[in-house]
Amino acid sequence: MTEDVKLWASSGDSHFLEPEDLWRSRLPKRLSELVPRSVKHPDGKWETVHVDGQAFRRRLPGIAQEEFYAASYRAPGAGDVELRIKDLDEEGIWAELVYPSLGMWSASFRTPEVLREALRVSNDWAKETILDYSPRLIPTGQVSTMSIEDACAELKRCGELGFKAVFMPVTPHPLQKDYNRDEWEPFWALAEDIGMVLAFHIGTEPVDFNTGGAVGIAYRGPGGAVLNHTETTFGGQRAVMKLVACGALDRHPNLKVLVSEGGATWVPFIADRMEEAYRQHSMAVRPKLARTPKEIIYSQVYASFQHDGSAVAACTSMGYNNVMWGSDYPHMEGTYGHTQMTLHNLFDGVDQKTRDRIMFGSFNELFPGTPALPSAGGALDE
Ligand code: MN
C-alpha cells in the first residue's frame, strides 16, 4: 500500500444545503408566512425567530459559532450538485447518502399542515435537484414526525418518487409519542413494505428555542466544545434501543436502520447491554422478542463513522459486520480536504474483504442499485 494510490469509498453520511428561501418561495402564501424566518436586532446581539405563529428571541451566535458555520459549508459543492460531484471525485467519494439541512427546524413547527407541506416541498426539490441528477447521490426523503398519519402518507409518496431512505430525527417531534410506542407501528410496517431505510442522523434532537437553545449546545464552560460534540452521538444509540426493545425491528425483520455519524463500536456495546437486560430482567421484559436484541441489532442496524480509529475493529474483532464509512461532507466534523489521508489511515494494512465491506459493501446492501465504481478510474487497483 502506497500513499499515492487513490482510495475510493461510498459515504453513509453527507449533507446538502438547500436554498435558504426554498419553503418561502414554493409554499402558498398562507403557509409560507409561517415557516421559520429570522429578524436580527439592530444591536447585532439578538434575533427574533418567527415560526408557525410563534416568536422567540435568542442570542445570536458569537464569532466562534459563525466561524463554525462558515467552516461547515466551505466545500464548493455544499449546495450545488455539479460542483459537488467534482468535490466527490477529488476526495475519492463514490456514492453518498445525502441528508437535508432545513429539516433541523422541524421540531419548532406547531401546525401539522405547515410542517407536512414544507417537507413535501423539500422532497419535491430534493428529487428534482439531487435524486434525478446522479445515481451516485442518494438523498433522504423527509416526513413530519409531528403526525404519524402525515408521515405515512409522505413516506409512501417518497417511495413512489424513488427515495430509498428517509431521514429520521433521533427523537420525534416534541408533540408526538416516542418511537417505542405502538402508535408508530403503521410507519414501521410501511417502511419495511416499501423497502425504505430509516436513516437516523445523530445530533437531531429538537432544539428548545424558548430557552435560548442553540443547535448542539448542551454544555458551557471548560471542555464545552468536546463535551458538546461527544454528546451528539448518544441520541442515535437511544433511537436504536427503542426500536429494538419495543419489538419494531423484530416484527419487521426486513426493516433496515442506519445511524449516521455516530461511530461504530457503540453497536456491539449496546447489543451486549440489551442482551443482559433482556436475559437478566426477563421477568419484567415486555414484549418478548422472537430473536435476541443482539441478533436483531447485528442484522438490521448499520452504523457510519468518519474518523474513528476503533470502527474497523468493530467489524474485524467484534463480529459486527454492518459498519459503513461516511465522509460527513461538507461538515466540519467530516473529512473534506483530508479524505485520502483518512482513508489511508483507516484502511492501509486492512484485509481486502473488510475494506470492501466498510467502504462499499454495507452501503450497497442498504441502497441496492447504486452504480458500481468504474474500474477504469484506477480506483482500488493497488
Ligand atoms: Mn453528518
Side-chain angles (χ1 to χ4, degrees), residues 9-18 65 68-75 77-79 81 84 87-88 91-107 122 126 130 136-142 163-171 197-207 214-218 225-226 228-240 257-267 301-308 311 322-339 342-343 346 358-359 362-363 366-367:
S10 288
S11 162
D13 174 25
S14 80
H15 304 266
F16 203 98
L17 197 57
E18 307 94 333
Q65 275 209 9
F68 244 75
Y69 189 83
S72 263
Y73 291 102
R74 73 196 189 283
V81 275
R84 189 178 189 97
D87 283 348
L88 299 189
E91 296 289 308
I93 300 164
W94 175 241
E96 57 171 16
L97 183 68
V98 185
Y99 285 95
S101 299
L102 279 175
M104 65 168 252
W105 287 98
S106 295
S122 287
I130 305 173
R136 290 169 63 183
L137 305 177
I138 299 180
T140 57
Q142 295 183 81
F163 286 92
K164 293 175 179 169
V166 58
F167 161 56
M168 302 294 291
V170 292
T171 55
V197 172
L198 305 177
F200 289 91
H201 192 287
I202 65 157
T204 48
E205 291 87 353
V207 175
V215 177
I217 297 193
V226 173
N228 286 319
H229 177 68
T230 308
E231 181 72 28
T232 59
T233 200
F234 299 126
Q237 305 179 17
R238 293 189 184 106
V240 166
V257 170
L258 169 65
V259 176
S260 293
E261 206 184 306
T265 32
W266 64 269
V267 182
V301 176
Y302 294 68
S304 94
F305 71 100
Q306 53 276 21
H307 296 109
D308 303 32
N322 296 340
V323 181
M324 186 186 304
W325 183 74
S327 65
D328 196 27
Y329 173 93
H331 285 174
M332 213 168 106
E333 302 78 20
T335 65
Y336 174 69
H338 60 268
T339 302
T342 305
L343 292 176
L346 288 167
I358 299 177
M359 296 163 96
S362 293
F363 187 95
L366 278 192
F367 310 113

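Counting convention: from 1, in listed order, for ligands and their atoms alike. Nothing here was measured: the structure is a model prediction, and the numbers come from that model.
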*asked:* With no hydrogens and no angle check, just 3.5 Å: does a side-chain donor-acceptor pair link Ser260 and Tyr99?
replied: yes

*Ignoring hydrogens and angles, tell me if any N or O in the side chain of Thr204 forms a donor-acceptor pair with the backbone of Pro169 under 3.5 Å.*
no

*Determine yes or no for a side-chain-to-main-chain donor-acceptor pair under 3.5 angstrom, with Glu18 supplying the side chain and Leu102 the backbone.*
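Yes.
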
_Vertex the Mn ion (ligand 1), rays to OD2 in Asp13 and OD1 in Asp328 - rounded to 10°_ = 80°

*Just to the nearest 10 degrees, tell me the angle at the Mn ion (ligand 1) spanned by His201 NE2 and His15 NE2.*
90°

*asked:* Just to verify, what does Tyr336 make a side-chain hydrogen bond (donor to acceptor under 3.5 Å, both in side chains) with, not counting sequence neighbours?
replied: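 Result, side-chain hydrogen bond (donor to acceptor under 3.5 Å, both in side chains) vs Tyr336: none returned.
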
*Measuring from the Mn ion (ligand 1), name the closest N, O or S atom belonging to Glu261.*
OE1

